[in-house]
Amino acid sequence: AGGGGGGGGKKDRGEGLGRALVRQRNKQALAAKARGQQLVISRRAQQALPLESVIEVSDIDAVLQRAAEEELLHGDDAEGAAALTAALGSGLIDLDGTGDTEEERRLLREEQEALHADSLRVPRRPPWTAQMTTEELDTNEKRAFLEWRRNLARLQENEELVFTPFEKNLDIWRQLWRVLERSDLLVMVVDSRNPLFYRCPDLEEYAQEIDEHKRTLLLVNKADLLPLSVRRKWADYFKQHDILYLFWSAKAATAVLEGKKLSSQTMEESDTDLDTKIYGREELLVRLQGEAEYIVSQKGTSAVGEKPESSSESALVRPKRVVVGFVGYPNVGKSSTINALVGEKKTGVTSTPGKTKHFQTLIISEELMLCDCPGLVFPSFSSSRHEMVACGVLPIDRMTKHRGAIQVVANRVPRNILEQVYKITLPKPKAYEEASRPPTAAELLMAYCTSRGHVSHAGLPDETRAARQILKDYIDGKIPHFELPPGEIDDETDGEDNSDIEGSSTAAADQSDDDASDEDDEEINRAEPNISHALNDLASFDMHGQMTKGSTKKKKKEASHKHHRKPQRKKDRSWRVGNDGADGSGVIRVFQKPAVNLAASSTSVVVIFSVPVFLAVHWLV
Ligand SMILES: Nc1nc2c(ncn2[C@@H]2O[C@H](COP(=O)(O)OP(=O)(O)OP(=O)(O)O)[C@@H](O)[C@H]2O)c(=O)[nH]1
């Protein structure tokens with residue numbers, strides 16, 4: 001480094017040396033990369049790593065680590081290793097939902113999804129015996145897992161298919177394998193607000209492959225957020241489809257344990273019908289034990305406590321106490337359920353998905369043992385990353401762009417509910433727009449920031465803060481929402497002339513949901529009505545002195561005056577759920593009742609008042 005003379009020489013020399021060192025280190029790193037040295041990670045180092053869920057392989061370290069595993073594994077299969085490493089590096093394995101908005105393309109994609117539905121499988125544990133060494137087991141499992149990932153990568157070469165992020169850490173899947181093998185009864189915990197989103201039928205199949213007697217029970221948790229009428233519909237659906245299920249609320253059960261009562265309208269609706277009732281703690285324990293014991297009795301088996309020689313033999317051995325395994329997506333309430341059943345806090349509960357890292361077993365009694373598995377994001381088609389964030393499956397913290405996920409919320413929750421919950425005023429659709437169109441993410445975020453005075457350092461509305469709060473409220477149930485079974489419509493909408501709204505708003509909702517991706521924030525912006533609308537929004541967002549509470553109130557008043565807002569319609573009957581037949585998927589979206597036609601009503605007011613005035617003037621003249 002050529003340092004200058006005089007007083008600045010030392011400083012210059014220091015900087016130069018520093019830079020030279022950095023350059024040298026970078027060079028070394030590059031050279032090491034080129035030689036592929038970084039691809040080799042010692043097994044010991046790997047074992048030292050904490051068990052982390054790897055859902056998105058955007059991080060180059062994760063890619064390198066996977067590639068290193070591949071190289072370790074395929075020392076004799078250099079070609080295969082190179083192919084997988086290339087696929088990993090090129091991001092082929094982790095493409096996310098960036099669908100096309102064209103109807104034709106969507107239909108084609110759905111066709112392809114139906115065609116390849118069977119290929120989307122949970123990775124299977126390769127056959128094993130007790131005689132195998134740990135290394136043998138390890139290598140076999142890694143081989144099988146990489147083959148699984150390779151198959152998914154091949155599937156992704158089909159341009160029409162859109163994959164959602166899914167769990168890519170073998171060690172997490174290994175936890176699932178252990179839980180599946182140990183359990184007599186498998187409990188798949190799902191969020192009652194959208195049970196089919198969280199259900200993984202292939203896992204049920206896999207359980208039966210391990211042992212034909214194993215059964216899966218769908219534990220429809222968070223039922224405190226689901227009205228009785230909706231539970232009835234889901235109960236019919238589950239029965240029709242031969243799905244073993246029951247409604248449950250870990251939150252309500254915990255409240256009872258603490259001597260409290262959950263203040264929820266749903267919990268008030270007392271119901272004794274076994275099909276729709278929300279089970280209590282004792283009732284659930286009895287039911288789980290009964291189901292598991294029935295399964296064990298079906299196995300019709302041998303010696304108590306005998307150690308199985310192989311996975312196939314394990315099916316024949318009767319355990320001392322029945323084992324009930326809990327599996328499911330992150331954040332559906334597995335730990336809350338286990339804690340409620342055990343009667344004390346055994347596992348951590350937060351609203352951040354993915355905190356349970358290792359499975360754990362909990363002895364309830366001489367006859368019953370529970371097994372809690374870490375939350376798993378199963379591979380699936382279609383749902384966008386945004387939808388997954390909104391459903392609580394991907395952590396909000398990792399969300400880099402937020403409008404897509406907020407659009408999911410805006411599409412699903414009627415605007416008047418959003419307005420009521422947040423006491424905000426959303427801009428009405430323009431006269432030339434669909435009257436029932438959902439608010440755009442930008443509109444919702446802007447209204448929220450304006451009402452709360454959330455401004456970022458740059459002096460702009462703090463959308464990130466607003467988005468995080470809105471998503472948290474959506475996931476926690478502060479913003480009410482739920483889905484109906486495919487093909488169902490809300491009885492309350494029957495007989496009402498809202499067919500137009502149903503068609504248009506659900507199609508819009510669907511399109512936005514399906515097409516949303518991180519890259520789509522721009523697209524969502526483009527979908528906004530026009531630039532003047534955006535300018536109006538910006539103009540109404542006064543960042544100088546208008547963000548205090550008092551002034552916000554005043555502004556809201558002015559805004560509502562400006563928009564001639566009418567008071568909101570009555571609380572719980574003002575929103576509806578409609579059947580989305582548009583895409584043939586039978587997915588149900590919440591849609592809005594027709595907005596009060598302000599244009600029409602104000603015209604009538606003008607006519608009513610102007611006629612007598614006209615007559616009076618005419619008479620005077
Ligand atoms: N309203 C409601 N919220 C619930 C219920 N059960 C759990 N929750 C909430 O859902 C969130 C996730 O609960 P957890 O028990 O940590 O979920 P988990 O499935 O164990 O999550 P992972 O550890 O990520 O797999 C927490 O904020 C809970 O308070 C319920 O029955 N009703």
Side-chain angles (χ1 to χ4, degrees), residues 51-55 165-167 169 172-173 175-176 179 186-195 197-200 203 218-227 230-231 246-258 260-268 277-281 283-284 325-342 344-360 362 370-378 388-398 468-469 471-482:
L51 185 54
E52 275 295 334
S53 183
V54 179
I55 294 169
F166 57 89
E167 182 56 63
N169 187 349
I172 301 266
W173 289 107
Q175 305 282 313
L176 175 79
V179 173
L186 196 67
V187 174
M188 191 178 290
V189 187
V190 296
D191 187 322
S192 64
R193 291 168 294 177
N194 194 355
F197 175 90
Y198 301 92
R199 181 174 175 238
C200 178
L203 192 62
L218 204 68
L219 189 72
V220 191
N221 188 33
K222 309 196 186 184
D224 53 291
L225 302 173
L226 211 61
V230 182
R231 290 208 303 276
L246 61 84
F247 291 106
W248 158 253
S249 166
K251 195 170 179 179
T254 309
V256 171
L257 274 176
E258 291 167 355
K260 297 178 206 153
K261 203 170 170 220
L262 195 65
S263 58
S264 144
Q265 201 194 329
T266 309
M267 298 305 294
E268 307 287 300
K277 71 175 282 182
I278 300 176
Y279 276 62
R281 175 180 174 267
E283 293 165 315
L284 180 59
F326 286 76
V327 296
Y329 274 89
N331 223 22
V332 288
K334 295 180 297 301
S335 302
S336 305
T337 299
I338 297 262
N339 288 338
L341 290 180
V342 175
E344 57 184 289
K345 198 171 172 197
K346 288 280 183 190
T347 59
V349 172
T350 71
S351 56
T352 311
K355 69 230 154 270
T356 309
K357 303 290 183 208
H358 293 270
F359 83 85
Q360 46 181 319
L362 299 142
L370 306 182
C371 200
D372 185 19
C373 183
L376 265 151
V377 181
F378 301 100
M388 295 175 88
V389 171
C391 287
V393 165
L394 295 182
I396 297 173
D397 293 350
R398 296 218 199 128
R468 286 182 181 194
Q469 190 55 51
L471 285 169
K472 192 174 176 306
D473 294 342
Y474 183 78
I475 294 165
D476 290 349
K478 184 175 165 190
I479 303 179
H481 65 98
F482 54 79

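Remember, it's 1-based here, ligands and their atoms both numbered in the order they're listed.
- Between Y329 and K334, the shortest heavy-atom contact is O-NZ, 2.8 Å.
- When the heavy atoms of K222, R193, K251 are ranked by distance to atom 9 (C) of ligand 1, first place goes to K222.
- Test L218, N221, L284, V220 against L246 for side chain to side chain contact (heavy atoms under 4.5 Å, CB included) and you get one pass: L284.
- In terms of N/O distances under 3.5 Å, ligand 1 is approached by K334.
- Compare L376, N331, V332 by their heavy atoms: the one nearest to atom 12 (C) of ligand 1 is in N331.
- Looking at D476 and K478, no side-chain N of the basic residue comes within less than 4.0 Å of a carboxylate O on the acidic one, giving no salt bridge.
- Close approach of ligand 1 to S336 is summarised as follows: ligand atoms under 4.0 Å from at least one heavy atom of the residue are 6 (N), 7 (C), 13 (O), 14 (P), 15 (O), 28 (C).
- Of all atoms in ligand 1, numbered sequentially from 1 with element shown, those under 4.0 Å from a heavy atom of S249 are 31 (O).
- Taking only nitrogen or oxygen atoms, main chain and side chain alike, G333 reaches within less than 3.5 Å of ligand 1.
- Contact annotation for D224 and ligand 1: only side-chain heavy atoms (C-beta onward) come within less than 4.0 Å of the ligand.
- Proximity of L225 to ligand 1, defined as any heavy-atom pair under 4.0 Å, is confined to the side chain (atoms from C-beta onward).
- Between the side chain of W248 and the main chain of V189, no donor-acceptor pair closer than 3.5 Å is present.
- Below 30°, between 30° and 60°, or above 60°: for Y474 and H481 the angle between ring planes is below 30°, a parallel geometry.
- Listed for the T254 side chain is no donor-acceptor partner under 3.5 Å among the backbone atoms of A340.
- Across V332, L186, L341, L362, a single residue satisfies side chain to side chain contact (heavy atoms under 4.5 Å, CB included) together with F326, and that is L341.
- Using a 4.0 Å cut-off to heavy atoms of G375, the atoms of ligand 1 that qualify are 25 (O).
- If you look at V189 next to ligand 1, there are no close heavy atoms at all, none under 4.0 Å.
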